[in-house]
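Only one structure is covered here, and it is reproduced in the block below.
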Amino acid sequence: MRVPDAFAVHRTRRRARLRVPERRGDAAFFERLADALRAAPGVIEVRADPRTAGVLVRHDGELDVIAAHATRSGLVTWREQGDRDVLAELRERMRATDAELHARTQGRWSLDSIAFFALLGAGLFQVASGSILPAGVSMLTKAFSMVEHREDDDTG
C-alpha cells in the first residue's frame with residue numbers, strides 16, 4: 001500500500017493542521033499517526049480526528065524536524081499544501097469512480113454515458129424552451145462530439 005500524503009493545510013509558529021484525505025475514517029491509522037507525532041521532538045499535543053482526516057499538532061519545536069520525523073515514521077509523506085497535485089488526484093478519483101460505476105452496473109453505465117445523456121437532455125430542453133442558440137446547439141454538439149471521440153478511442 002502506498003504511503004499517503006499528509007498536507008500541512010495551516011500552520012502558525014506553534015501549531016500545524018494536517019489533512020490525510022486518503023485515510024479519512026481510518027481510526028487505527030490516525031491513532032498510529034498521532035502516537036508517531038507525539039514522539040517527535042518539540043511536540044506538545046496531538047489531536048487526530050479520523051472523521052475529518054485532520055491532525056492538529058501543537059509544538060514548541062521546529063516544524064521541519066517534526067515533518068521529517070513524520071515522514072521517517074513511514075506512515076505519511078509530509079507535504080505543504082502547495083505540493084498537492086489536485087488535478088492528478090481528481091483524475092485518479094474520476095477513474096476510480098468510473099471503474100466502480102462500470103462494475104456496479106455490469107458495464108451498462110459509465111461517467112461518459114451519464115455525461116452524454118445529461119448533455120443530450122439539457123440540450124433538448126433548451127431547444128424545446130426556445131433557446132436553440134447558443135445553449136441548445138452547444139450542449140447537443142458537445143454530447144454528440146463525446147460519441148464521436150468515444151468511437152475514435154474504441155477504434156484507435
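Side-chain atoms are counted along with the backbone in the values below, which use heavy atoms only and exclude waters and symmetry mates. Small disclaimer: the values here were computed from a predicted structure and weren't measured. Numbers here simply count residues along the sequence, with the first being 1.
- Taking 4.5 Å as the limit, some side-chain heavy atom of Leu140 sits within range of a side-chain heavy atom of Leu120.
- Interatomic distance, Glu31 CD to Asp26 CG, rounded to the nearest 0.5 Å: 10.5 Å.
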Self-check item: Derivation and outcome, salt bridge (Lys or Arg N to Asp or Glu O under 4.0 Å), residues Arg32 and Asp35
Solution: CA-CA 5 Å; Arg32 288 191 310 274; Asp35 288 343; over 6 Å; no
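- Across every non-hydrogen atom of His69 and Ala40, the tightest pair is CD2-CB, 3.4 Å.
- Using a distance-only test at 3.5 Å, with no hydrogens or angles considered, a donor-acceptor pair links the side chain of Arg24 to the main chain of Thr52.
- Of all heavy-atom pairs between Pro50 and Ala27, the closest is CG-CA, 3.7 Å.
- With hydrogens and angles disregarded, a donor-acceptor distance shorter than 3.5 Å links the side chain of Ser145 to the backbone of Lys142.
- The shortest distance between side-chain heavy atoms of Arg13 and Leu63 does not fall below 4.5 Å.
- Cluster membership check: Val127 shares its hydrophobic cluster with Val137, using side-chain heavy-atom separations under 4.5 Å among Ile, Leu, Val, Met, Phe, Trp and Tyr.
- The two residues Gly74 and Val3 make their nearest non-hydrogen contact at O-CG2, 3.6 Å.
- Just one residue in the list His102, Arg104, Arg108 forms a side-chain hydrogen bond (donor to acceptor under 3.5 Å, both in side chains) with Gln106, and that residue is Arg108.
- In the hydrophobic clustering of ILVMFWY residues, with side-chain heavy atoms under 4.5 Å counting as a link, Leu124 and Ile114 come out together.
- Of all heavy-atom pairs spanning Glu22 and Pro4, the tightest one is OE2-CA, 3.7 Å.
- The main-chain N or O of Pro134 is found under 3.5 Å from a side-chain atom of Ser138 such that the two form a donor-acceptor pair.
- Residues Pro21 and Phe7 approach most closely at CD-CD1, 4.0 Å, considering heavy atoms.
- Both Met94 and Trp109 are part of a single hydrophobic cluster, where members link through side-chain heavy atoms under 4.5 Å apart.
- Distance alone, capped at 3.5 Å, places no donor-acceptor pair between the Ser110 side chain and the Asp98 backbone.
- Across Arg58, Arg15, His59, Arg38, a single residue satisfies side-chain hydrogen bond (donor to acceptor under 3.5 Å, both in side chains) together with Glu45, and that is Arg58.
- Between Phe116 and Phe144 the shortest side-chain heavy-atom distance falls below 4.5 Å.
- Clustering ILVMFWY residues whenever any of their side-chain heavy atoms sit less than 4.5 angstrom apart, transitively, puts Leu111 in the very cluster that holds Phe117.
- Annotation: the span from Arg95 atom CZ to Thr97 atom OG1 amounts to 11.0 Å, rounded to 0.5 Å.
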Practice problem: For the pair Val76 and Phe29, evaluate side-chain contact (heavy atoms from CB on, under 4.5 Å) and give the outcome as yes or no after the intermediate values. | Solution: CA-CA 10 Å; Val76 294; Phe29 168 81; 3.7 Å; yes
Quiz item: Where do Leu18 and Leu37 land on the side-chain contact (heavy atoms from CB on, under 4.5 Å) test, with the steps shown first?
Solution: CA-CA 11 Å; Leu18 309 175; Leu37 288 168; 4.3 Å; yes
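- Closest approach of Ala8 and Trp78 over heavy atoms only: CB-NE1, 3.9 Å.
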